[in-house]
Amino acid sequence: MLEEIKSAVGYLQNKTSFKPEIGIILGTGLGNLANKIEVELKIPYSEIPNFPQSTVKGHKGNLIFGSLSGKKVVALQGRFHYYEGYDMQKVTFPIRVFALLGVETFILSNASGGVNSSFKVGDIMLITDHINLFPDNPLRGKNIEEFGPRFPDMSEPYSKKLISLAKSCAQKVNVSVVEGVYAGTSGPTFETPAEYKFMQAIGADAVGMSTVPEVIVAKHMQKACFAISVITDLGVGEEIEEVSHEKVLVAANEVEPKVTALISEMIKSI
Ligand code: HPA
């Protein structure tokens with residue numbers, strides 16, 4: 001895997017000497033932030049050696065280098081999910097690549113189902129912590145010492161400093177936010193009513209199908225992470241409403257401008 005990662009990084013470094021400081025990974029229906037980037041270089045995933053390919057509707061397949069709010073960023077417009085059939089190494093491949101390109105801060109977004117009874121559809125949740133419910137861990141197997149320790153610390157998976165910055169930026173751009181714990185599951189099924197109850201019982205506020213593997217790998221390399229989850233449906237109460245990918249897309253698209261405004265404001269101060 002190390003060689004595959006290095007060959008992707010080598011390919012990108014041959015194309016550009018651009019050194020991004022911030023890595024951005026946008027979730028379902030939230031890819032529009034990438035359009036605010038002053039593009040230096042846009043590369044389809046298909047051109048990058050060993051890079052996984054996106055298969056989900058609503059996820060574009062481009063790596064974008066450029067400036068956002070005056071900072072050098074690299075963005076993954078469309079991420080890779082475990083449910084697509086990739087193993088955890090592939091799901092987290094771009095995180096390793098970004099880190100080797102110089103990224104020190106990761107900003108991620110996703111769509112999720114709210115299980116906190118005070119949440120509403122359209123809420124923007126700052127992720128304060130996560131619960132890994134995936135059937136695998138991206139760090140299982142031989143540890144690559146070059147990247148990080150065998151047993152990584154996870155006491156601050158989401159940077160407290162960045163959460164605090166997000167709260168002050170949210171006020172500045174007049175966006176209200178909530179905070180909570182994100183449970184990451186493999187999907188692709190949405191939860192049964194009993195599973196939503198379980199999520200609530202174990203201390204989750206929202207449940208989704210991404211982000212956790214990426215944050216684990218970023219933390220392995222001791223990078224700072226910040227993540228936003230848009231609540232696109234609710235798994236609370238006795239009657240759980242039907243949920244579909246289309247519903248998730250519609251709800252995420254609606255809130256997307258607010259998420260974009262918030263992240264753009266934050267990046268100014270990172
Ligand atoms: N469950 C899991 N993943 C999701 C959900 C959900 O309710 N909504 C959006 N992504």
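Just so you know, ligand 1 is whichever comes first in the structure, and atom 1 is the first atom listed for that ligand. These numbers come from a predicted model, not from an experiment.
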**Student:** Against ligand 1, does Val243 come closer than 4.0 Å with any heavy atom?
**Tutor:** no

**Student:** Of all the non-hydrogen atoms in the protein, which one sits nearest to atom 8 (N) of ligand 1, and at what distance?
**Tutor:** Asp233 OD1, 2.7 Å

**Student:** Heavy-atom contacts with Thr232 under 4.0 Å: which atoms of ligand 1 show up? List them by number with element.
**Tutor:** 8 (N), 9 (C)

**Student:** Which protein heavy atom lies closest to atom 5 (C) of ligand 1, and at what distance to 0.1 Å?
**Tutor:** Gly113 N, 3.3 Å

**Student:** Does the pair Glu241/Lys247 count as a salt bridge with the N-to-O cut at 4.0 Å?
**Tutor:** yes

**Student:** Among protein heavy atoms, which lies nearest atom 10 (N) of ligand 1, and at what distance?
**Tutor:** Ala111 O, 3.4 Å

**Student:** Got Leu133 and Phe198 here, is their nearest side-chain heavy-atom distance under 4.5 Å?
**Tutor:** yes

**Student:** Is there a donor in the side chain of Glu256 and an acceptor in the side chain of Thr260, or the other way round, less than 3.5 Å apart?
**Tutor:** yes

**Student:** Taking both backbone and side-chain atoms of Thr185, is any N or O found less than 3.5 Å from an N or O belonging to ligand 1?
**Tutor:** no

**Student:** In terms of side-chain geometry, is the basic nitrogen of Glu40 or Lys72 positioned less than 4.0 Å from the acidic oxygen of its partner?
**Tutor:** no

**Student:** Check each of Lys247, Met199, Glu191 against atom 2 (C) of ligand 1 and report the one with the nearest heavy atom.
**Tutor:** Glu191

**Student:** Does a side-chain heavy-atom distance below 4.5 Å link Lys90 with Asn50?
**Tutor:** yes

**Student:** For ligand 1, which atoms, with element, lie under 4.0 Å from some heavy atom of Met209?
**Tutor:** 2 (C), 3 (N)

**Student:** May I ask you to check whether Phe93 and Tyr45 place their ring centres under 6.0 Å from each other?
**Tutor:** no

